[in-house]
Amino acid sequence: MTAWLGWIPALPLFSSLVLLLVGGRLGQRLVTLLGVGSVLGSALLSGLLIADFLAEGAAVTTRQLPWLSSMGLEVAFGLYFDGLSAVMLGVITGVGLLIHLYSAAYMAGDEGYARFFGYLNLFVGAMLLLVLADDFLLLYLGWEGVGLCSFLLIGFWYREPANGYAARKAFVVTRVGDIALAVALLIMIQQFGTLHIQTVIERAQLQWLGSDWSFWVALLLLGGAVGKSAQLPLQTWLPDAMAGPTPVSALIHAATMVTAGVYLIARTQGIFLLAPRIMELVALVGALTLFLAACSALVQHDLKRVLAYSTISQIGYMFFALGAGAFSAAIFHLMTHAFFKALLFLAAGQVILSLHHEQDLRRMGGLLRRLPFSALCFAIGCAALAALPLTSGFYSKDAILLQAYGLHGGSLAWWLALAGAAVTALYSLRLFLKLFFGEAVTEPSPDMRPTLVVPLALLCLLALFGALIPQPLGAVFAPLAATEVPAAVHGAILIMPWLGLVTGVLLWRYGRGFRQRWSDSALARSWRAGWGFDALYDGLLVQPLLLLARLNRKDLADRPVQFVAWLSARGHAWLSVTQNGRLRRYAAGIALGAVLVLTVVTL
Amino acid sequence: MESQGLLIPIEHGLLFAAALFCIGLAGVLTRRNLLFMLMSLELMLNAAAFVFVLAGAVHGNADGQVMFILILTLAAAEVALALALVVQLYRRRRSLDIDSLDGMRG
Amino acid sequence: MTLLELRALLPLLLVALTILAAMLLAAFCRHRRLLFWVYQLGLLAALLSLGGNLGIQAQGLEVTPLLRVDAFFGFFAALFILVAMLVGLMAAQYFGRREHLAVPLEESYVLLALCLLGALVLAAAQHLAALFIGLELMSVASFALVAYPCGGAPASDRLQLPSLEAGLKYLLLSSVASAFLLFGMACLYLQTGTLAFARLSLPPDSTASGLLPLAGLAMLLIGVAFKLALAPFHMWSPDVYQGAPTPFTALIATLSKGALVVVLLRYLLLSQALQIEQIATLLMALATLSILVGNLLALRQDDMKRLLAYSSIAHLGYLLVVVLAAGQTVSSEFALQAGAFYLLAYSLTTLAAFAMISALSGGGDENRDYRLHCYRGLCWRAPCLGGCFMLILLSLAGIPLTVGFIGKFYIFAAGAQAGLWWLLGVVVLGSALGLYYYLRIILILLQQDDEVSDLVFHNGRWLVYGLTLLLLLLGIYPLPVMQWLPLL
Amino acid sequence: MSLVLLILIPLLGALLVWLAERWRTGFSRVLSLAVLGLDALLLLPLPHQAPAGELWWLQFRADWLPNLGIGWHFALDGLSALLLWLTLFIGALSVLVSWREIDQRVGFFHCNLLLSVAGIIGVFTALDLFVFFVFWELMLIPMVLLIAIWGHENRRYAAIKFFIFTQASSLLMLVAILGLVFMQYGQTGVMSFDYEDLLRLQLAPTPAFWLMLGFFVAFAVKLPMVPLHTWLPDAHTEAPTAGSVLLAAILLKTGAYGLLRFALPLFPAASADFAPLAMGLGALGVLYGAKLAFAQHDIKRLVAYTSVSHMGFVLLGIYAMNDLALQGALMQMLAHGLSTAALFIIVGMLYARWHTRDLRQLGGLWSLLPRLSGFTLLFALASLGLPGLANFMAEFLILAGAFQRDWPITLVAMLGLVGAALYALLLVQRSLWGATVPDAKVHDCSPREWSVLASLAVLLLLFGLHPQPVLDLVQRPVAAILAEPPAPNPGGTEPLLQRASMERLP
């Protein structure tokens, strides 16, 4: 059984290689077959493996293929499969497969069809490598590979320069995070001489008990995670990443890549546990991001940007859970979030498609009767997002808030998380109402495209009953001490979503004037621009660099060289004046020389 | 080295020769006519020859005077050649102004 | 004069004999080719005789207090004779096809032989009088050579005026320098009482009497510096090089400068003048000045002959490094070998350069035009000649696989052994400037442009090929020559 | 003897090629390929590991100027073998690339190419300092001619600047070599230019520092260290494609090779004291190169400045002086050679099609030339250090090694990774994406171009995923460089170059 572990990442990678090299010549059908087929294959394989794992529950590692053995460092291609990677595998291949099916129809007819599937498969392969890596260097390879694919896919419609800029911005901002991760790797090499994940964590617990190495490494790992998962302060790239096709946003910027940071912290929880202060920082970062993103989502006009900010806020929840120590709750929320966020994005894609690529909410409305199926999907998605009872979101978010209260109760982060729940409910309701009620503006074409229905339906089921999927995380994370939670707190957690909904309905019905004034207010505008982080970074980093670049295009280091050339040319000019051909001038030269010589000698 | 048979101290002789030398040099520098330059040239050579004779007298051996005669022959040879060239110059330029000869410069 | 001394002086006597024979032949039967062969065979005989009394030279014999025939003299005499023969060949080819211009070539061989005799005397001089005689013999002969064309029938001004102007300038300024030289020698004689190259010792207290030898030595060095065209006294050389006919410019650049360097080396070593700290600083100042001034002046120069004049000023500056190194006891005999080889390399390369120019220049036979733009695109018109020109320029710049590089390597080696770090820094700076104008010429040679250039091919090409081949061979395998380098 | 043949074959080949052009046009290209192939065939059978206890795989000694202690001394070990293979491969590539680009005076072009290759082979194998210096200067002249004759607009300025920069600095090296030789002459009375003898020399700190500086400046100019790098952009921009490929891929490596072979082992103590400054300059080079690359409009200047940035990493690696960093530096030399050569080849192809190097006029190439754009994307990603390609492996090793010696400088250098991302993606976005499509009707990669780029891509991927053969090849030379001088130093300078400080748990 374990021999097949290697095939899971290999299948998508091979198919992406084939698609990228000769994709242009293959027909659309063959490309779809290859693209979707490879992900289907790895989905089946991982399904078997998960089933097998659930039966025995033993961690599995494959053969170590030697990659690099320099004097101080041994690195090998090796895969590691345990409970955590089982969950991640399930999410990636499962949701990935559905999204591949969806995009087969969504992208049909696009001239870069083969290239699209090539990149998508490359992404899935890289993500699987990241999740299954047994060695930090292999993880880093997957980590950067995923970043590369997000760059390629955001800039897929390359004719539009804005897409290119967004792609480049995404890659550069995540690259800043990657550097933090790389530094962490360098410290591990210096301290332990190896990058093998298990041994590193093991030795860290033995060797770093007292020292503050664990503080620094944990901080750096957090930096890497923050970069990739678009948390504060590196979250500015995700809203712009919506420039890519919708299935890309669904797969990469909702379900899989952005959760890589969460996976990294969960995988290296051994190191984080050694640095409690960093755990609090993770919680704080999560809570802050959660609240800020939720507020921003409240005032967005673009449909996909609402979903983007909501993703940032939901991942904020996961970081908050990790920071609070509720690792299994975080992973549980990760899985459920993948389901309903993918559902929301794909449904949004369908709406956009039927509204002829219209993404602005202000020009949408009253679609309930014309797009019933999308309305249904949105309803389920928004309900799960708002964590209403009986949806998967309810169980995972409440689990986080409950367990976090136990370990971390009463802190600012917890209160922010609680308030966030209310705001989340508010903006998901606003999204639903704006889309499907109010007066209709553009005329949609019918939405019941057959090939899109199947994945959407499946995702609806998962969004509703996803919480029932068992999570084999027992072996990975230590079980939490069950602390009793006072009934009032329990009640508050339950009421929060309803509070958001009620205020939303009231505002929709009666506050029309207030809503108008509010969306033009200065605060709303700042929230809409992502709390001004973009302007801050632009002013702080981008403009000075551009100015410096323009200033020094001619390379200041060349100045001294040109000065020497100018000086010798001047020297030549002055000296050649002395050669004016007159004999008496030469005799005077000799006399002057003689005087010079005599003074030199007699001094 | 005290002068044995000399009546006047050496410094006077040296000063005289140096003065003569400088006059000759000044002559070469200032005069524009070629002949005068040749004359001042002779002056410089004779100044040097004078010091040789003085040194010969001081050390009491004849080397000084031998050198004096050699210098005379040299001066004669150079003047002979110089005058040949002066004639050529005069035939072409009808003037002995040395500054007219500045064809080559730069 | 014992028989042995006569045998030792044989080379000089043979050269004197050629002078007489040439003069008589010039007087009676003015046959150009005959005179050429008499000149060449005479010099060849002198060379062979030189080879003959290697034994005497080995232990060194003092012939009359003036001359000293030793290995040092042997090597340089051979070098000077070879140079004179080559210049004779160049002159024959340069004036070869100019019958209608009626430039009587016969007398030039007499003057060339006279110049050579002066050089040989200088090479063997160990006495101030010998120095004076040799120097003046060489100078007066070269005045006549510089002004040689205006000796013939009064032809166009375009041809004879430049050499007249050059001759006059050279004569007058050189006489002024000789006056300085003599005055210095007289002061030294006053101080030491003997004209031989005696040890100079400064009296411990530098009172007035101490100043005399210093001033004397300084004046002597001024005269020598003028003849070597070192920096403050260099102004005459570009005009004289440009005015004089090319073979005779080559003579001045190689023979007269070479002979003077030899006698300077011998004098400084015998009189240990370089121990005196002021003289060492003086020479260092002269070297630095001439390297910088020489290279700077040549930077944007357009005329090829003037450019070679300036580059030879710089090369003499490099040679001073060796002279200084010879002064220090730790590195003196290595520096001597370095100086000898560098002189050989410098003479060979300069001769090759002047042979190239005399074989190839703009304008017809009369008004030769050596400006650089005449040589553009030479590599594409005549690849072999272009290749030779590039090799010569590389040797002047001191780039490997040429004799110039081995010479420059010796300079650096002598300087490093003597610890003259600052001076070596100046040499590096100077050769960097040098690289600029040598490469600039190479780029002109490689320029592709199609409009016809007024380049004229005169005879004398085989001489250029021969010299370049020698230059390359000595650059790749200089061992045989190195074994002959003399020790004082 | 076969080592001397390695140099003689391209030398004679150069003359042959020049004559061959007169005989039949176009024949010189085939002949020069054949000459390079023959050289490779000669290199193949040579023993690829050192006999027991011996440092060099193969040695050749002969006398040249015994009175000065100069002899022909060539030797081959892992370090030079790696660089020789790179030289021959890149030489063949540059001949292939200039198949259609060079049309006038083809024979003379290939003659210069082969002369330059011969000079480079001499540099990589010479062990006598004088012979090394001769080959060091010899390889420059053909390169200057390449730039000056077949270059682009102001090629004269670039050729002169390149020539003076490298020649003047190599004269400084000559002074340093002579200083070293005469100090040994002073101590032991024997004048010898041989590498082994000079290794045993014990120097006092101050003279050692100045001599090491002489060597360092010459190699720093060649490996463009930041303050002395200004010749590189001009030389690369004006050189023909083959010239800039040869220049970027190999000539820059001679500087790094010189540092590894001569500057480090000859002056271990002085280099150790000098290391922080050198690493600082390396990190500065990484950032400054990246910043300048980011600002360029001319695509060839952009690629030239990326070389400055990558070679900054090499300098960082060399002076970190531990095994990881040195192996990383060598790996970077190989990887940079391949990726920059590819980028220059692509720029050459773009220039052949549109006769412009200005990024503002190029754009939207993806739709016109999909395959060429694919390759451009791949090599741009290689130069920004994407894991899975050789550059990342090299940079990672360098950073790992340098981190242990001096971590603040390494952090500064790591900012260069962001800079690399900036300029590489800028290159991709400006040239490949965007809507402004230049008008000409052009064909995509011809089979020749495709095979050249594919071979480079495969090599980069191969060394990215399986760098072990390269690391084993240079294992022993790196250890030798870091080890103390061979002779037992009688209580002299204690070995400053401590092993990589790897506290390994039992």
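First the proteins, then the strands, lettered A, B, ... as listed; each starts at 1.
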Query - Candidate pair F412(C) and I177(D), rule side chain to side chain contact (heavy atoms under 4.5 Å, CB included), full reasoning - result: CA-CA 10 Å; F412(C) 275 108; I177(D) 292 174; over 6 Å; no

Query raised in the report: Run the ring-ring contact (aromatic ring centres under 6.0 Å, His included) check on F182(D) and F334(C) step by step: do they pass?
Result: CA-CA 12 Å; F182(D) 282 112; F334(C) 182 83; 5.7 Å; yes

Report task. Could you give me the CA-CA distance, side-chain angles and deciding distance for M390(C) and I141(D), then say whether side chain to side chain contact (heavy atoms under 4.5 Å, CB included) is met? Result -> CA-CA 11 Å; M390(C) 273 164 64; I141(D) 294 128; 6.0 Å; no

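Contacts between F108(D) and chain C at a heavy-atom distance below 4.5 Å involve the side chain alone, from C-beta outward. For chain C, the nearby part of L145(D) is the side chain; its heavy atoms alone come within less than 4.5 Å. Proximity to chain C involves both the backbone and the side chain of L65(D), based on heavy atoms less than 4.5 angstrom apart. The contact between L424(C) and chain D is made entirely by side chain atoms (from C-beta outward), counting heavy-atom distances below 4.5 Å. With a threshold of 4.5 angstrom between heavy atoms, I70(D) approaches chain C through side-chain atoms but not through N, CA, C or O.
Contacts with chain D were tallied for P383(C), A416(C), A413(C); A413(C) has the most, counting heavy-atom pairs under 4.5 Å. Contact count versus chain D (heavy atoms, under 4.5 Å) is highest, among L435(C), L429(C), V427(C), for L435(C). When A397(C), P400(C), G398(C), P478(C) are compared by the number of non-hydrogen pairs under 4.5 Å with chain D, P400(C) comes out ahead. Of the listed residues (V144(D), V181(D), L138(D), L68(D)), the greatest number of heavy-atom pairs within a distance under 4.5 Å of chain C belongs to L68(D).
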Return one line per donor-acceptor pair between chain D and chain C under 3.5 Å, naming both atoms and the distance rounded to 0.1 Å.
unit_1: W64(D); atom_1: NE1; unit_2: I476(C); atom_2: O; d: 2.8

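When all heavy atoms of A159(D) and L439(C) are compared, the pair lying nearest together is O-CD2, 4.1 Å.
To the nearest 0.5 Å, atom CD1 of residue I399(C) and atom CG of residue L140(D) are 8.5 Å apart.
The six-membered or imidazole ring of F409(C) lies near that of F130(D), with a centre-to-centre distance under 6.0 Å.
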